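Okay, so here's the structure we're looking at.
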Amino acid sequence: MKKPGISFAILVVTAALLAGGCGTARRGAPLAPAFVPADPVVARGQQVFYAQCHHCHPHGEAGLGPALNNKPLPGFLVKFQARHGLGTMPAFSQDRLPADELDALVAYLAALRASPAPEIAD
Amino acid sequence: MLDRSLLPATLATLLATAAGCYSLRPSAGAGQADFSPPRQPRAEAVAVPPGYRVELVATGLTFPTGVDLDDAGRIHVVESGYSYGEDFTTPRLLRIEPDGRITPIATGGRSGPWTGVTHHRGNFLVADGNVLEGGRLLRISPAGRIDVLVSGMPSLGDHHTNGPVAGPDGWIYFSQGTATNAGVVGRDNFDFGWLARHRQFHDVPGADITLSGESFTGENPLAGGEGRVTTGAFSPFATPGRPGQVIRGTVKCSGGLLRVRPEGGEPELVAWGFRNPFGIAFAPDGALYVTDNGYDDRGSRPVWGAPDVLWRIEPGLWYGWPDFAGGLPLTDSRFRPPGKRSPGFLLARHPNPPPQPIARMAVHSSANGFDFSRNARFGHEGEAFVAIFGDQAPTVGKILGPVGGKVVRVNVRTGVITDFAVNRASESGPASRVGVAGLERPIAARFNRDGTALYVVDFGVLLMSPGGAEPKRETGVLWRITRNQ
């Protein structure tokens, strides 16, 4: 077992980062270069995202739910949130979102977030 | 690695902090903005992919809802004559001359909303939502003569008679939205304005149905809030439903997709169980598609998190309203509004397992008129270009960020949705919301005959206050998008 102190430090730092949610959450066309997944896993994850998540997190921006693209959401956090649905978000069981689809989803969200954000003069 | 024993607590805290908690944050919808006239739209404020060009074709329109071109390529637009917020103007069919001048072709008296137009064999077909006298399908000659092809559509409520489009089979397709959000007349319908006008109006099914009998008790706004009343599904306000009660179906039903011969006559029901099937279009392969506005978190039977969807239509099927959203049962806990209970089923039996949608679009985004690209020169052949009007939060429910105010394209094979025309701003939303001079509330997108130009009808500014919708006259715009190379 590691010292709880280290976990706590990670917790505080990550929470502070997440709470900020800095910068625009917009990605891809038409404001930035189109996001076209090259990796087949990312492409699969994109389809899963549009079937399961987009309607509440449109393109990873805010909508019914909060924006996802503008904060450093580690994969394990995305998985935990999808499986447990903390807060008002629904939980996704294995039936609705099999493990391989969730893996692909996490890969997609990471690639999308890392893609260039648009430069907007406002 | 994190300490295992601390993991759940750590994650919970992280996510709670990050999300800032849905329940604590105020709504931040597309219409929760300020506006002072005049609207001064500029094409440069709209971003489209490289190689495409945006132009302003007409400005100063009042509540435009549809566009089509005649055989000579002349542009025609319909102005609704009615907007949410109970603003009655005059419905009009207008020709936009090449120099931008506007020539009125026909006016509709005090009816409306006129929700769409199609040029067909020398005439214009117009869907007349007529919230005062019932929905109709009109044929308007180039000289402005109006003939009624269909009348008596149940269009007195929340959603209206929509369309029309001409099918490859020679029939005219049009649709009818539901009277209510989720099958039960209530306080929200009084707030919209129509319940006081039409106290007996309610939803009607497209086939005989048997009720589960669930009824809903609430205040009685018709009696100034005095006393409580109980209302059942598919029943007039203050009329309870009984378990096993059979409600007779009718062709002119709520949430139906219909077709009629171009010369008129009796319409046929193509499919039903939609909520507000606003957009109708045929794909290049001849398949019929419909956009459908999902449930709101309002009224006696609120539903949370229901997407707007794109359906591919299989004739004869029921598409799920009022018991399913986008193919999933409303009894699933995902649709339970925070702090309220899950909706129960209103029907004792369902006509068929509802189909699954082709695409799920943003909750409350109001995915409306659309068309398919059919020309490789424009690009994205076979994809659906959909006008996204944008949410009407907080009336429809709470939202954390504005949705809509854009045109998206949908790949109907993969369900992947890509923004096509958006405002140049750091977040999505109508121009008045995000502080630019671009798209406000796109309501229809339609290609010209050869598929080289996409016309986007922009309804204009529609603000939302706690009291409801505040539409702004003379802020409507027609945009055109073409490709340079």
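Source: prediction; values computed, not measured.
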Lys406(B) to Phe420(B), cation-pi by 6.0 Å centre distance and 45° axis angle: no
If one checks every heavy atom of Pro118(A) against chain B at 4.5 Å, the contacting part turns out to be neither
Would a distance-only check, ignoring hydrogens and angles, find a side-chain to backbone donor-acceptor pair under 3.5 Å from Asn181(B) to Asp296(B)? yes
Measure from NZ or CZ of Arg275(B) to the centre of the six-membered ring of Tyr319(B), then state whether that distance is under 6.0 Å and the direction lies within 45° of the axis. no
Quick one: which of Gln356(B), Met361(B), Arg334(B) has the most heavy-atom pairs under 4.5 Å with chain A, could you say? Arg334(B)
For Arg27(A), which atoms come within 4.5 Å of any heavy atom of chain B: side chain, backbone, both, or neither? neither
Top residue by heavy-atom pair count (under 4.5 Å) with chain A, among Ser428(B), Gly415(B), Gly326(B), Gly435(B)? Ser428(B)
Sidechain-backbone polar pair: Asn484(B) side chain, Arg53(B) backbone, donor-acceptor under 3.5 Å: no
So does Gly382(B) get a backbone contact from the side chain of Ser373(B), meaning a donor-acceptor N/O pair under 3.5 Å? no
Region of Asp297(B) that comes under 4.5 Å of a non-hydrogen atom in chain A: neither
Does any backbone or side-chain atom of Pro49(B) lie under 4.5 Å from a heavy atom of chain A? Answer side chain, backbone, both or neither. both
Option that, when pairs with chain B are counted at under 4.5 Å, heavy atom only, ranks first among Gln46(A), His84(A), Met89(A), Gln52(A): Gln46(A)
Axial cation check for Phe389(B) ring with Arg441(B), 6.0 Å and 45° limits: yes
Engaged part of Thr414(B) at the chain A interface, taking heavy atoms whose separation is under 4.5 Å: both
Ring centroid separation for Phe278(B) and Phe370(B), is it under 6.0 angstrom? no
Side chain, backbone, both or neither: which part of Ile358(B) has an atom under 4.5 Å from a heavy atom of chain A? neither
Looking only at the aromatic ring of each residue, does the gap between the centers of Phe324(B) and Tyr295(B) stay below 6.0 angstrom? no
At a heavy-atom distance under 4.5 Å, which candidate from Ile417(B), Val422(B), Val309(B), Asp308(B) has the highest pair count against chain A? Ile417(B)
With respect to chain B, which residue among Ala29(A), Gly63(A), Cys56(A), Ala62(A) yields the maximal number of heavy-atom pairs within a distance under 4.5 Å? Gly63(A)
Can you say whether Val363(B) sits under 4.5 Å from chain A via the side chain, the backbone, both, or neither, judging by heavy atoms? both
